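The structure under discussion appears below in the form of structure tokens.
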Amino acid sequence: MADDITVTLPDDSTRSYPKGTTPAEVAVSIGRRLAKDALVASVDGELVDLDHPLDHDARVAIVTPASPDGREVLRHSSAHVLAQAVTDLFPGARYAIGPAIDGGFYYDFELPDDAHFTDDDLERIEGRMREIIAEDQPFVREEVARDEGLERFADQPYKREIIARVDDSEVGGGAVISLYRNPRAGRADFVDLCRGPHVSSTSRLGAFQLMRVAGAYWRADEHGPMLQRIYGTAWESPAALAEHLHRLEEAERRDHRRLGAELDLFSFPEEVGSGLAVFHPKGGMVRTIMEDYSRRRHEAAGYSFVTSPHITKAHLFETSGHLEWFADSMFPPMLVDEGSGEGTAYYLKPMNCPFHILIYRSRTRSYRELPMRLFEFGTVYRYERSGVVHGLTRVRGMTQDDAHIFTTRENMTAELRSLLVFVLELLGDFGLNDFYLELSTKPSDKAVGTDEAWDEATEALRSVAMDMNLELVLDEGGGAFYGPKISVQARDAIGRAWQVSTIQLDFQLPARFDLHYVGADNERHRPVMIHRALFGSIERFFAILLEHYAGAFPTWLAPVQVSVLPVADRHHPYADRLVERLRADGFRVELLGAHEDTIKKRVRRAKHQELVPYVLVVGDRDVESETVGVNARGTDDPDYDVPVETFVARLAAEVAERR
RNA sequence: GCCGGGAUAGCUCAGACGGCAGAGCAGCUCACUCGUAAUGAGCAGGUCCGGGGUUCGAGUCCCCGUCCCGGCUCCA
């Protein structure tokens, strides 16, 4: 029949329908269950409403709630319900944009008279949303001319701005925009400008929760108006919502700021200043182990160790370009030696590279010395804007495991390749094994160097990244001012991605500092620089590990590896000997004496509060037969009567294998 | 930097209206000496973030600052 169309389903089967059939009807023809679950449809890869008539042969997939597309539609529709609720409860409220996001949705509003939402408002709004959902309001798509759209949203300046921005060429000539209307009894319909698609009715929603209210700039422009954003989460079922909320709780449980205080690892004394951490003995111990291990690996990988001061005269950062490009992120200068004239300006260093360059430049270099790899745990200070500091992951003073590799242009790619292998191995040694790479290209606003140099450097990084067999994502414009970078993103135990290592290729600073080496041809050549930090910063990496392990550091990193608990005072001499023995073998041991508390309470403290890997309880039987009772973290039942030597061997093996 | 919220004992928090600053846990002391996730009793613990102001009187109200939290913007 001429008026029939052929629909190809996801399993590649085909069915014939009259032209104008809707996806809803297709779903019905496939099965009742599917028809009931259907939210929207994908037609040749594009999402459309269920009542969107099919007018040509197409691949059609019915989208159900528990799919990524399905969740996105649920969230997007929930955002509309949020906007409806807010406009109902707050007459005169203006609504701006309300997209689905990862895990939920938000909507940006502007209330009359600069009013703000409170937490109580959030509850009222959520209540109104539940009413709207119970009212079973349909979502009705409408297409109108742009001019009509401008009229319909006469009192909604943000909507008008969006409509005005719609490019004629994008909407297929007709300059048509789409709206979604929720008809309802007793009130004017709620209408929102929207591309769609949406669920057929508000009754399809429900497993949602409003989360918080926050400020957000209109169109992400910090010079534009500040709107009020309400965040919510929405899922296909109450169970999925509960699971999501549970994941949030789990993330909170792992929060390094909370664990840092609980485990007595570090703090941020108010007296010191925002974003400036002090590490306490236990945190300092973990940090020292991390650094020591890193040093050993770097030494084995052919790095030389250097050090440099924390401050320097302004001239150095003028030459490097930092004062021109990076000054906003630098602490203001201090003027010294002011006796005669205006004095000399010194800056706290925001980066270590200029110092390493001066070390390179301290004498003529031969090609035989290259690649020259200069490594330093270099502490840098960056003047982060006051609102952005966050625990150890965003600070104003940090120590980078920083190195600068000076090499020839010919060797650059090989060096990058071996460097990436080195990075992934080192991160793996700390228990991070799930990576992807991100390639950051030339920033559009601030960058030094020619496009050709940027292209060459970017291509070199890309080709090496491609060889690693890891997922590679593009971060357009995310490079530093002097060069593109690859960053290694590591996924932690609960699947969150953290940026750790960065590797930057730099043709600019060698030129700015006029660096050379003498080649085999006895001519002077310009070296290439690679900037790289593998932990990123020790502080941030520390935080990542803390969250990854939820505070339960593996034995080789744990600040206290073993707690020895004598059952009663008469077991103290044996316990003391045991502690001495373990310490002599280089293990980190604490003794929790019998006078301190009951055995139960001491076990609880060591194992469940301090998260010590091994709790050793020693009593009469142990004294008699040179054994220990081993209560290992992560197990429920202790091993009784374990010979000391057996335990020591087990501990030594774990530390040696970095477990 | 911007919007909103906050800061009370080491920690978590309570303190309508402005009227003698509290609890639990942690700490210390004593008793208990106990075999693997909270023994009992007692004691001590405070610049109510700092500085100004209003008031007979301020933890509480107002202003300024510091720091923290959730976002935005920015980023290792």
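In this text, all values refer to a predicted model and were calculated from it rather than measured experimentally. Just so we're on the same page: letters track the sequence lines, and every chain starts at 1.
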* salt bridge (Lys or Arg N to Asp or Glu O under 4.0 Å) between Arg287(A) and Glu539(A), worked out -> CA-CA 9 Å; Arg287(A) 217 183 133 131; Glu539(A) 289 80 3; 3.2 Å; yes
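In this structure, the nucleotide among U36(B), U33(B), G35(B) sitting nearest to the side chain of Pro638(A) is U36(B). Among the nucleotides C68(B), G1(B), C34(B), the one closest to the side chain of Ile599(A) is C34(B). Side chain of Ala568(A), nearest nucleotide from G1(B), G35(B), U33(B): U33(B).
Using a cut-off of 4.0 Å between Lys/Arg side-chain N and Asp/Glu carboxylate O, Arg253(A) and Glu249(A) are scored as not salt-bridged.
Checked by distance alone, Asp119(A) brings no side-chain donor or acceptor within 3.5 Å of a matching partner on the base of G5(B).
Pairing for G70(B) is with C3(B), a Watson-Crick or G-U wobble pair whose two hydrogen-bonding atom distances lie under 3.5 Å.
The gap from the C1' atom of C30(B) to that of U36(B) amounts to 26 Å, rounded to the nearest Å. Comparing the same atom, P, in C17(B) and in G53(B) gives a spacing of 24 Å after rounding to whole Å. Comparing the same atom, P, in G4(B) and in A44(B) gives a spacing of 45 Å after rounding to whole Å.
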* Structure fact -> Its contact letters, B for base, S for sugar-phosphate only and - for none at protein heavy atoms under 4.0 Å, make nucleotides 38-43 of chain B read BB----
* Structure fact -> With sugar-phosphate taken as primed atoms, P, OP1 and OP2 and all else as base, the protein-contact string of nucleotides 71-76 of chain B at under 4.0 Å (heavy atoms; B, S, -) is BBBBBB
Name every donor-acceptor pair, under 3.5 Å, that has one atom in a side chain of residues 609-624 of chain A and the other anywhere in the protein, sequence neighbours excluded.
residue	atom	partner	partner atom	Å
Tyr614(A)	OH	Arg650(A)	NE	3.2
Tyr614(A)	OH	Arg650(A)	NH2	3.4
Tyr614(A)	OH	Glu654(A)	OE1	3.4
Tyr614(A)	OH	Glu654(A)	OE2	2.4
Asp620(A)	OD1	Arg570(A)	NE	3.0
Asp620(A)	OD1	His571(A)	NE2	2.5
Asp620(A)	OD2	Arg570(A)	NH2	3.0
Arg621(A)	NE	Asp641(A)	OD1	3.2
Arg621(A)	NH2	Asp641(A)	OD1	3.4
Arg621(A)	NH2	Asp641(A)	OD2	3.4
Asp622(A)	OD1	Thr627(A)	OG1	2.6
Asp622(A)	OD1	Val628(A)	N	3.3
Asp622(A)	OD2	Gly619(A)	N	2.9

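The cationic group of Arg94(A) does not satisfy the cation-pi geometry with Tyr158(A), failing either the under 6.0 Å distance to the six-membered ring centre or the 45° limit from the ring axis.
Residue Arg605(A) contributes atom CZ, which lies 19 Å from atom P of C34(B) at whole-angstrom precision.
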